[in-house]
Number of protein chains: 2
Amino acid sequence: MEKKCEKHSREFRQQLRHKGLKATKGRLGILNIFAREAKPLSIKQLQNRIGPSGPDTATLYRNAESLTAEGLLVKVNLGGKNSSYELAGRAHHHHLICKNCRKISDVTISIRPALNLQALKSAKDFAAVTGHSLEFFGFCKKCQN
Amino acid sequence: MEKKCEKHSREFRQQLRHKGLKATKGRLGILNIFAREAKPLSIKQLQNRIGPSGPDTATLYRNAESLTAEGLLVKVNLGGKNSSYELAGRAHHHHLICKNCRKISDVTISIRPALNLQALKSAKDFAAVTGHSLEFFGFCKKCQN
DNA sequence: ATCTAAATGCGAATTATTTGCAAATATATT
DNA sequence: AATATATTTGCAAATAATTCGCATTTAGAT
């Protein structure tokens, strides 16, 4: 497990350098957290995982932004009042959120490629559809009542 | 146009009463704004439309919440850092947002009914999928460059 | 080892949203 | 129409979420 972390770190270090971002301790820490937990995390959650020795809140925000801009993270839109992020590079997927306990499961949608096309056809004043945000809401088995 | 507004107001008044909410001047004003402008509006945008004589900010937030809870408004998730709302009761639709100028167009997706089902099948630890949020991003014709 | 642009910490500033409470008011009741 | 009462509102202040400015530090190039 120590090894796995280091393997990740090495990869992350390369990716960061490749994108022109410095491979700081803080950034590697952030990326490792996301690698360990394949779920969207808010800045606050990220901060809790990293602990008080980690980067300052402002730095976390700045890094979430720069890492997202460079495509190492993706911003996820879970409907709460704060943004969440997760590691990019995983297969394209969506989320299903329990409206009661906020548990999140990954979801894959086979008909997904057709969506952007349909959207573009449906809005005549648009020239391109570059992406979408699709999140599902419901109840997990524990919370069905 | 005066008449249309008043017709709306009468309907809204009934709906509010039916839901057990008082038909206050503020609420009718809010609903009329949303009726006039069939686009998602943030609290701040709503406030600008209503002007300084309208309800207090706190009241706008409270009403957005209560009207959403009772199903007269729907909360929309456009990825910004603040929530938007629009009038419920219109045909189910999604939005396409221009990443440059933030223009919003309505979008309808024919394969939509299949989505929730696919999501449920895809997440084995969930008992039900009750809804989803689907928004598209791209560039409008004016902003394609 | 040195240099430099990029990144960080810290505190303060914004922005977004919520809360407590007294005053106002929409409706049901008389 | 006047009254009673539970809801709603305004206001001010609290909290949460995010951003900014700037002096200091540091990763990576030389």
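Convention: sequence-line order gives letters A, B, ...; per-chain numbering from 1.
- The distance from atom NZ of B:Lys19 to atom P of C:dT27 is 17 Å, rounded to the nearest whole Å.
- Phosphate proximity of C:dT17 to A:Asn82: absent, as no side-chain N or O sits under 4.0 Å from OP1 or OP2.
- For the pair A:Leu60 CG and C:dA7 P, the interatomic distance rounds to 15 Å; values are reported in whole Å.
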Polar-atom pairs under 3.5 Å, protein N or O versus N or O of nucleotides 23-26 of chain C: list them with distances, or write none.
{"unit_1": "C:dA26", "atom_1": "N3", "unit_2": "B:Lys22", "atom_2": "NZ", "d": "3.0"}

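- In this entry the distance linking CG of A:Leu67 with P of C:dA7 reads 10 Å, nearest Å.
- Look at CD on A:Gln45: it is 14 Å from C1' on D:dA17, rounded to the nearest Å.
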Kindly give the atom pairs (protein nitrogen or oxygen, nucleotide nitrogen or oxygen) under 3.5 Å for nucleotides 10-13 of chain C.
none

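- Rounded to whole angstrom, the span from the NZ atom of A:Lys81 across to the P atom of D:dA16 amounts to 10 Å.
- Separation of atoms CD1 (B:Ile97) and CG (B:Leu78) is listed at 4.5 Å; rounding is to 0.5 Å.
- If you measure from atom CZ of B:Arg27 to atom C1' of C:dT27, you get 13 Å, rounded to the nearest angstrom.
- Rounding to the nearest 0.5 Å gives a distance of 9.0 Å between NE2 of A:His95 and OG of A:Ser84.
- Applying the 4.0 Å criterion to OP1 and OP2 of D:dT18, one finds that A:Tyr61 has a side-chain N or O inside that range.
- Among the protein residues, A:Ser83 comes within range of the sugar-phosphate backbone only, with heavy atoms under 4.0 Å from sugar or phosphate atoms but none that close to a base.
- In this structure, A:Lys44 does not reach the D:dA16 phosphate: none of its side-chain N or O atoms is under 4.0 Å from OP1 or OP2.
- Which of C:dT17, C:dT8, D:dG10 sits closest to the side chain of B:Pro55 comes down to D:dG10.
- In this structure, the ring of A:His92 has its center less than 6.0 angstrom from the ring center of A:His132.
- Here A:Ile43 lies out of heavy-atom contact (under 4.0 Å) with every strand.
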